[in-house]
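Below, all heavy atoms of this structure are taken into account, side chains as well, without hydrogens, waters or symmetry copies.
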Amino acid sequence: MTTTPAPARGLAGELGVSSMFLAGPFLQLLDPVTGEMPPGTRAPFAFLIDHFEGHGFGVHNAHRREAWGAELMSPETCTPLDQEEIRKADVFVALPGVPASPGTHIEMGWASAFDKPIVLLLERGREYAFLVRGLHTVATVEYVLYDDLAAALPEIDAAVRRAVVRRRAAEAA
C-alpha cells in the first residue's frame, strides 16, 4: 500500500520547501564526564528543531541524530552524511558558535558552495569571524541578531522566508 505524503504546512508549506539543516557547535559543548550535551547547551537546538518541525520542515540535525553526544559517529561516517544532508536541504540555518565551531564553519562553507539559502543566528554582543560576517557577499545569507531565541522567532522565520525568496530570485535571473 502506498501512502501520499501529507502536504507541507506552516512556513515550509508557504515557501514550497520541505527540509532544513540546522547546524551549530557540538563537540565543544559535550560534558567531559558524561560525553553528552548538558540540558542547557542542548536547549537552543531542541527548541529550534521543535519550532521548525512545527512549521512543516523536516529538520536534519547532527546533535539529535547522535543522541546529543551519547551516540557519536566517527568522522568518516558523520562528514559525508552531513555534507549530503546539506546538499539535499532546502534551507540551512546555523548558530556559528562562540568560540567559533570549526565543524559548523565547514558546514557553512558547504551550504554556500551548494547555493543554499542560509540563515545565521548571531548572539548580540558577540564577535564572529570576518568570513561569517562577510558570507553574504558570496552567498544568499540572512543574519538574525538575537538576545533570546524565543523572542527572535518571528525575525528568524522572516529571515528564512527572505533567504528562500532571494535564492529563488537569483536562480531565476
Q: Give a yes or no on whether the backbone of Tyr128 and the side-chain of Arg133 come within a donor-acceptor separation of less than 3.5 Å.
A: yes

Q.
Taking the side chain as everything from C-beta on, heavy atoms only, tell me whether Phe45 gets closer than 4.5 Å to Arg64.
A. no

Q. Roughly how far, to the nearest 0.5 Å, is the CD atom of Glu123 from the CG atom of Asp148?
A. 10.0 Å

Q. His63 side chain to Pro25 main-chain N or O, any donor-acceptor pair under 3.5 Å?
A. yes

Q | side-chain contact (heavy atoms from CB on, under 4.5 Å) assessment of Leu135 paired with Ile118 | A | CA-CA 10 Å; Leu135 190 58; Ile118 299 169; 4.3 Å; yes

(Q) Show the nearest heavy-atom pair for residues Phe26 and Leu72, with the distance to one decimal. (A) CZ-CD2, 3.8 Å

**Q.** Side chains of Leu81 and Glu84 in contact at under 4.5 Å (non-hydrogen atoms)
**A.** no

(Q) So Val91 and Arg167, do their side chains get closer than 4.5 Å, heavy atoms only? (A) no

Q) Does the side chain of Ile156 reach to within under 4.5 Å of the side chain of Tyr146, using non-hydrogen atoms? A) no

Q. Can you pull the salt bridge (Lys or Arg N to Asp or Glu O under 4.0 Å) pairs that have at least one residue in residues 95-106, sequence neighbours excluded?
A. none

Q | Shared hydrophobic cluster for Phe92 and Val138 (ILVMFWY, side-chain gaps under 4.5 Å) | A | yes

Q.
Would you say Val165 ends up clustered with Val141 if hydrophobic residues are merged whenever their side chains have heavy atoms under 4.5 Å apart, either directly or through other cluster members?
A. no

Q. Are Ile86 and Leu121 joined in one hydrophobic group, where the rule is that I, L, V, M, F, W and Y side chains link up if heavy atoms are under 4.5 Å apart?
A. no

Q.
Does Glu171 form a side-chain contact (heavy atoms from CB on, under 4.5 Å) with Thr140? I'd like the steps, not just the answer.
A. CA-CA 11 Å; Glu171 289 170 356; Thr140 305; over 6 Å; no

(Q) Go through it in stages, so that I can follow the logic: the residues are Lys88 and His60, the test is side-chain contact (heavy atoms from CB on, under 4.5 Å), and I'd like the CA-CA distance, side-chain angles, deciding distance and then a yes or no. (A) CA-CA 10 Å; Lys88 292 187 316 190; His60 179 83; over 6 Å; no

Q.
Testing the basics here: between Pro80 and Thr77, what is the closest heavy-atom pair and its distance to 0.1 Å?
A. CD-O, 3.5 Å

(Q) Show the nearest heavy-atom pair for residues Thr41 and Leu29, with the distance to one decimal. (A) OG1-O, 3.8 Å

**Q.** Whether over 12 other heavy atoms sit under 6.0 Å from Leu131 CG
**A.** no

Q) Quick check: does any side chain N or O of Arg124 sit under 3.5 Å from a backbone N or O of Asp147, one acting as donor and the other as acceptor? A) no

Q: Measure the shortest side-chain to side-chain distance between Val59 and Leu48 over non-hydrogen atoms and say whether it is less than 4.5 angstrom.
A: no

(Q) Any side-chain to backbone donor/acceptor pair from Glu66 onto Met73? Under 3.5 Å, distance only. (A) yes

Q) Do the side chains of Leu11 and Leu153 join up, straight or via other hydrophobic residues, at under 4.5 Å, putting them in one cluster? A) yes

Q.
Distance check, rounded to the nearest 0.5 Å: Trp68 atom CH2 versus Arg42 atom CZ?
A. 6.5 Å

Q. Checking Arg161 side chain against Leu15 main chain: does a donor-acceptor pair fall under 3.5 Å?
A. no

Q: Taking Asp31 for its side chain and Pro38 for its backbone only, find out whether a donor-acceptor pair lies under 3.5 Å.
A: no

(Q) Let me check something: do Leu120 and Val144 share a hydrophobic cluster, defined by ILVMFWY side-chain heavy atoms less than 4.5 Å apart, either directly or through other members? (A) no

Q | Closest heavy-atom pair and its distance - Pro154, Ala150 | A | CD-O, 4.4 Å

Q: Determine whether Ile49 and Phe57 make a side-chain contact, defined as any pair of heavy atoms from C-beta on separated by less than 4.5 Å.
A: no

**Q.** NZ/NE/NH1/NH2 to OD/OE distance under 4.0 Å, Arg65 and Glu85
**A.** no

Q) Closest approach of Val132 and Tyr143, non-hydrogen atoms and distance? A) O-OH, 2.7 Å

Q: Please name all residues satisfying ring pair (Phe, Tyr, Trp, His ring centres under 6.0 Å) with Phe114, sequence neighbours left out, ordered by chain then number.
A: none

Q: Can you see which heavy atom on Gly69 is nearest to which on Leu30, and at what distance?
A: CA-CD2, 3.8 Å

Q: Report yes if some heavy atom in the side chain of Lys116 is under 4.5 Å from a heavy atom in the side chain of Phe21; otherwise report no.
A: no

Q.
Strictly distance-based, threshold 3.5 Å: is any side-chain N or O of Asp90 a donor or acceptor partner for the main-chain N or O of Ser19?
A. yes

Q) Taking the six-membered ring for Trp, are His55 and His51 parallel (under 30°), tilted (30 to 60°) or perpendicular (over 60°)? A) perpendicular

Show which side-chain atoms of residues 95-111 pair as donor or acceptor with protein atoms under 3.5 Å away, not counting sequence neighbours.
unit_1, atom_1, unit_2, atom_2, d
Ser101, OG, Thr104, N, 3.3
Ser101, OG, Thr104, OG1, 2.9
Thr104, OG1, Gly24, O, 3.1
His105, ND1, Ser101, O, 2.8

